[in-house]
K.L.:
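Okay, here's the structure, questions in a sec.
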Amino acid sequence: QVQLVESGGGLVQAGGPLRLPCAASGRDFGSYVFSWFRQAPGKDWEFISGINYSGGNRVYADSVKGRFTISRDNAKNTVYLQMTSLKPEDTAVYYCAAAKGWAPATERGDFGSWGLGTQVTVSS
């Protein structure tokens, strides 16, 4: 298992950017796939984006496609979520998750490692 720590959250105005790093500690970073999820108050968990072990395969939820970009730096054991054109409805706690595998995963049950989350608040 890897241990995950998200950072980079905060308060941002609508239309602005924000980048969320997810630092992983543990062995075999390159053998994990990673995804980002979010949960807004009173709402269900939402899959945002996933990336495969090499970074060559990425998937996005329709709600963020074209605005968010997921990437990974295997040399730094870090996954990133670059967010642009943020909207108030993007306000949520964002979580990074990791699972052993090759292809991006999109279901919460696929993941065995989770960070504690980072709050993103977008003001209108």
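Predicted model only: the values in this text are computed from it and were never measured.
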K.L.:
Looking only at side chains, do S123 and Q13 share a donor and an acceptor under 3.5 Å apart?
P.N.:
no
K.L.:
Check whether T78 reaches the backbone of P21 with its side chain - one donor and one acceptor, N or O, closer than 3.5 Å.
P.N.:
no
K.L.:
Side chains of E89 and V122, heavy atoms from C-beta outward: is any pair under 4.5 Å?
P.N.:
no
K.L.:
In Å, rounded to the nearest 0.5 Å, how long is the span from CZ of R38 to NZ of K43?
P.N.:
8.5 Å
K.L.:
Would you say V59 and T106 make side-chain contact, with heavy atoms under 4.5 Å?
P.N.:
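Yes, close enough: below the 4.5 Å cut-off.
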K.L.:
With a 4.5 Å cut-off on side-chain heavy-atom distances among I, L, V, M, F, W and Y, is there a chain of contacts connecting V12 to L81?
P.N.:
yes
K.L.:
Look at the aromatic rings of F37 and W45 and report parallel, tilted or perpendicular, splitting at 30° and 60°.
P.N.:
perpendicular
K.L.:
Is there a path from M83 to I48 through hydrophobic residues (I, L, V, M, F, W, Y) whose side chains come within less than 4.5 Å of each other?
P.N.:
yes
K.L.:
Is the closest side-chain heavy-atom distance between N52 and R72 below 4.5 Å?
P.N.:
no
K.L.:
Between the side chain of S85 and the main-chain N/O of G15, is any donor-acceptor distance below 3.5 Å?
P.N.:
no
K.L.:
Using a 3.5 Å distance criterion without hydrogens, assess whether the side chain of S35 forms a donor-acceptor pair with backbone atoms of A97.
P.N.:
no
K.L.:
Taking atom CG of D90 and atom OG of S63, what is their separation to the nearest 0.5 Å?
P.N.:
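OG of S63 is found 7.5 Å from CG of D90.
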K.L.:
Between R108 (side chain) and E46 (backbone), is there a donor-acceptor pair under 3.5 Å?
P.N.:
no
K.L.:
For the pair Q82 (side chain) and F68 (backbone), establish whether a donor and an acceptor sit closer than 3.5 Å, ignoring hydrogens and angles.
P.N.:
no
K.L.:
Between D62 and K65, does at least one N-O distance fall below 4.0 Å, as a salt bridge requires?
P.N.:
yes
K.L.:
How many angstroms lie between atom CG of L20 and atom OG of S7, to the nearest 0.5 angstrom?
P.N.:
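Going from CG on L20 over to OG on S7, the span is 7.5 Å.
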K.L.:
Please determine whether side-chain contact (heavy atoms from CB on, under 4.5 Å) holds for the pair W36 and V79, giving the CA-CA distance in whole Å, both sets of side-chain angles, and the decisive distance to 0.1 Å.
P.N.:
CA-CA 9 Å; W36 287 92; V79 177; 3.8 Å; yes
K.L.:
I'd like to know if the side chain of T118 and the backbone of G9 have a donor-acceptor N/O pair within less than 3.5 Å.
P.N.:
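Yes; at least one donor-acceptor contact below 3.5 Å.
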K.L.:
Which atoms form the tightest heavy-atom contact between A14 and P88, and what is the distance?
P.N.:
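In terms of heavy atoms, the two residues are closest at CB-CD, 4.1 Å.
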K.L.:
Indicate the atoms forming the closest heavy-atom contact of L18 with G8, along with that distance.
P.N.:
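Shortest heavy-atom separation between L18 and G8 comes out as CG-O, 3.5 Å.
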K.L.:
If you count every heavy atom of other residues, nucleotides or ligands that lies below 6.0 Å from Y80 atom OH, does the total exceed 12?
P.N.:
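Result for OH/Y80: enclosed.
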K.L.:
Dump the intermediate steps for ring-ring contact (aromatic ring centres under 6.0 Å, His included) on F111 and Y95, then the final yes or no.
P.N.:
CA-CA 12 Å; F111 295 91; Y95 297 88; over 10 Å; no
K.L.:
Check L86 against P17 and note the closest heavy-atom contact, atom names and distance.
P.N.:
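Here L86 and P17 meet closest at CD1-C, 4.0 Å.
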K.L.:
Would you give the length of the straight line joining atom SG of C22 to atom CG of L4, rounded to the nearest 0.5 angstrom?
P.N.:
4.5 Å
K.L.:
For F34 and A98, which heavy atoms make the closest approach, and how far apart are they?
P.N.:
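What the structure gives for the nearest pair is CE2-CB, 3.5 Å.
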K.L.:
Counting only heavy atoms from other residues, nucleotides and ligands, does the tally under 6.0 Å from CD of E107 exceed 12?
P.N.:
no
K.L.:
Taking R58 for its side chain and I70 for its backbone only, find out whether a donor-acceptor pair lies under 3.5 Å.
P.N.:
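Indeed, once roles are kept as given, a pair shorter than 3.5 Å links the two residues.
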K.L.:
At what distance, to the nearest 0.5 angstrom, does OG of S49 lie from CZ of R67?
P.N.:
12.0 Å
K.L.:
Walk me through it: do I51 and V33 pass the test side-chain contact (heavy atoms from CB on, under 4.5 Å)?
P.N.:
CA-CA 6 Å; I51 192 167; V33 300; over 6 Å; no
K.L.:
Kindly give the heavy-atom pair with the smallest separation between Q1 and S113, and that separation in Å.
P.N.:
OE1-OG, 2.5 Å
K.L.:
Quick one: does any side-chain atom of E6 pair with a main-chain N or O of L116 as donor and acceptor, under 3.5 Å?
P.N.:
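Yes, E6 side chain to L116 backbone: donor-acceptor pair under 3.5 Å.
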K.L.:
For a 4.5 angstrom cut-off between non-hydrogen side-chain atoms, does Y53 reach S31?
P.N.:
no
